[in-house]
Amino acid sequence: MTGFEVQAVVAAPRERVWSALTEPAEVRQWFGWEHPGLDEEIRYIFVDHAQAVPPDRIVLAAGQEIQVVDDGGRTVVRVTMPGESGEAYDVLAEGWRLFFAQLRFWLEQAPAGDRHTVRLSGVAAGPGLLAALESAGVKEHWHGSRYLRMAVDTDGLLVAVTAERPLTDEESGPAALVVSGYGRDLAAVRAGWVARWRATVGDEPVVE
C-alpha cells in the first residue's frame, strides 16, 4: 500500500476549518471540481464513509485520516494514509494537495458567491502546462511541488496545473488544468483557457 502525508496551514481558526471539512455545502466550495456527480462524491467521502471525531479528526475510507490542529489562530490540516511513501505520482496524495490549496483559497480569501470551476484535461508535457499558467498573468504564486503548481491569476481566479509526470519533464502524459472562481459566470473564462491550452500544449483538451 502506498502511504502519504499531505498538509497545509490555513489562516483560519480550527472551528472554521472543521466546519469546512464536515458540512457538505461547505465542502462543495473547495473540494474537487464541478461535474454531474460532485454532490454524490462529497456525500460518499465526507458523510457516508467518514467518521467525524470532534474536534480534530475525521476518519475516511481506505485508512485515510484528516487531522485538524490548532496553530495559534491558524490551523494545520493534514491527511495521512498508512503505508510506505515514495517519489512516484500518487493520485490520492496529489488530489489532496490540490484540494487543500483550494480550501485555503476559499477560507483565506473569502471570495463572495458560490464556486464554479473549469477543468481541462488531456495529454500534455509539464512545460506546456506551465506556459499556459504563466500566459494568464500570475498575481500570486500559491503552491509549487513536483506534480502540481497553483497560482492566482490577474483576474483573481485560482488556477492549478497538474500532471502525472514531473512538471519539469518534456515527455507528455495525463494532465489537467483546474480554474476556480466565485460568484461569476465562467463561460468566457472557459474559452480563454481552452485557447491557452491549444496555444501552449498544442492539443484539444477535454472540457468539464
Side-chain angles (χ1 to χ4, degrees), residues 2 4 6 8 28-38 41-42 45 79 85-106 108-109 111 113-208:
T2 301
F4 59 80
V6 173
R28 204 183 199 284
Q29 294 290 76
W30 60 269
F31 180 79
W33 48 84
E34 288 178 292
H35 61 86
L38 178 59
E41 181 182 4
I42 289 171
I45 295 172
V79 62
S85 60
E87 290 294 316
Y89 177 85
D90 185 305
V91 64
L92 288 177
E94 296 307 320
W96 283 115
R97 286 191 178 91
L98 172 61
F99 302 152
F100 280 175
Q102 293 178 159
L103 172 67
R104 279 186 54 219
F105 182 75
W106 181 52
E108 295 182 3
Q109 302 293 316
D114 291 331
R115 182 187 68 155
H116 296 288
T117 63
V118 173
R119 183 176 187 268
L120 311 181
S121 61
V123 176
L129 290 171
L130 296 175
L133 178 62
E134 294 293 333
S135 70
V138 173
K139 180 180 178 181
E140 182 181 359
H141 288 283
W142 201 255
H143 175 88
S145 56
R146 185 175 175 85
Y147 302 101
L148 173 67
R149 300 282 177 86
M150 300 185 74
V152 179
D153 72 7
T154 52
D155 289 329
L157 300 168
L158 183 65
V159 183
V161 294
T162 182
E164 294 188 16
R165 302 185 65 85
L167 287 168
T168 55
D169 200 328
E170 296 285 349
E171 188 172 344
S172 296
L177 184 152
V178 181
V179 183
S180 299
Y182 292 79
R184 65 176 81 184
D185 182 356
L186 295 188
V189 171
R190 182 181 297 107
W193 281 101
V194 168
R196 291 186 187 98
W197 180 290
R198 289 170 178 158
T200 61
V201 174
D203 201 356
E204 193 69 21
V206 176
V207 183
E208 295 181 32

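Remember, predicted model here, so these are calculated numbers, not experimental data.
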Taking all heavy atoms of [X] and all of [Y], pick out the closest pair and write down the distance.
| X | Y | value |
| --- | --- | --- |
| Gly128 | Thr200 | O-OG1, 3.1 Å |
| His116 | Leu186 | O-CD1, 3.1 Å |
| Leu129 | Ala175 | CD1-CB, 3.5 Å |
| Leu98 | Met150 | CD1-CE, 3.5 Å |
| Ala93 | Phe4 | CB-CG, 3.7 Å |
| Gly181 | Leu157 | CA-CD2, 3.6 Å |

pair [X]-[Y]: side-chain heavy atoms closer than 4.5 Å:
| X | Y | answer |
| --- | --- | --- |
| Trp142 | Arg149 | no |
| Glu94 | Arg146 | no |
| His143 | Arg97 | yes |
| Val161 | Leu130 | yes |
| Tyr147 | Leu167 | no |
| Val206 | Leu120 | no |
| Arg165 | Tyr89 | no |
| Ile42 | Arg28 | yes |

Backbone N or O of [Y] within a donor-acceptor pair of the [X] side chain at under 3.5 Å?
| X | Y | value |
| --- | --- | --- |
| Gln102 | Phe31 | no |
| Arg115 | Trp30 | yes |
| Thr117 | Trp33 | no |

Could you give the distance from [atom1] ([X]) to [atom2] ([Y]), rounded to the nearest 0.5 Å?
| X | Y | atom1 | atom2 | result |
| --- | --- | --- | --- | --- |
| Trp193 | Arg198 | CH2 | CZ | 14.5 Å |
| Glu34 | Ser180 | CD | OG | 9.0 Å |
| Ser135 | Trp197 | OG | CH2 | 12.5 Å |
| Glu134 | Asp153 | CD | CG | 11.0 Å |
| Leu158 | Lys139 | CG | NZ | 12.0 Å |

Q: Describe, in one word, how the ring planes of Trp96 and Phe99 are oriented to each other, choosing from parallel (under 30°), tilted (30 to 60°) and perpendicular (over 60°).
A: perpendicular
Q. Given the rule in the side chain to side chain contact (heavy atoms under 4.5 Å, CB included) test, do Val207 and Val194 qualify, once you have shown the distances and angles that lead to the verdict?
A. CA-CA 8 Å; Val207 183; Val194 168; 3.8 Å; yes
Q. Would Phe105 and Tyr182 count as a side chain to side chain contact (heavy atoms under 4.5 Å, CB included) if you check the C-alpha gap in whole Å, the side-chain angles of each, and the deciding distance to 0.1 Å?
A. CA-CA 11 Å; Phe105 182 75; Tyr182 292 79; 3.9 Å; yes
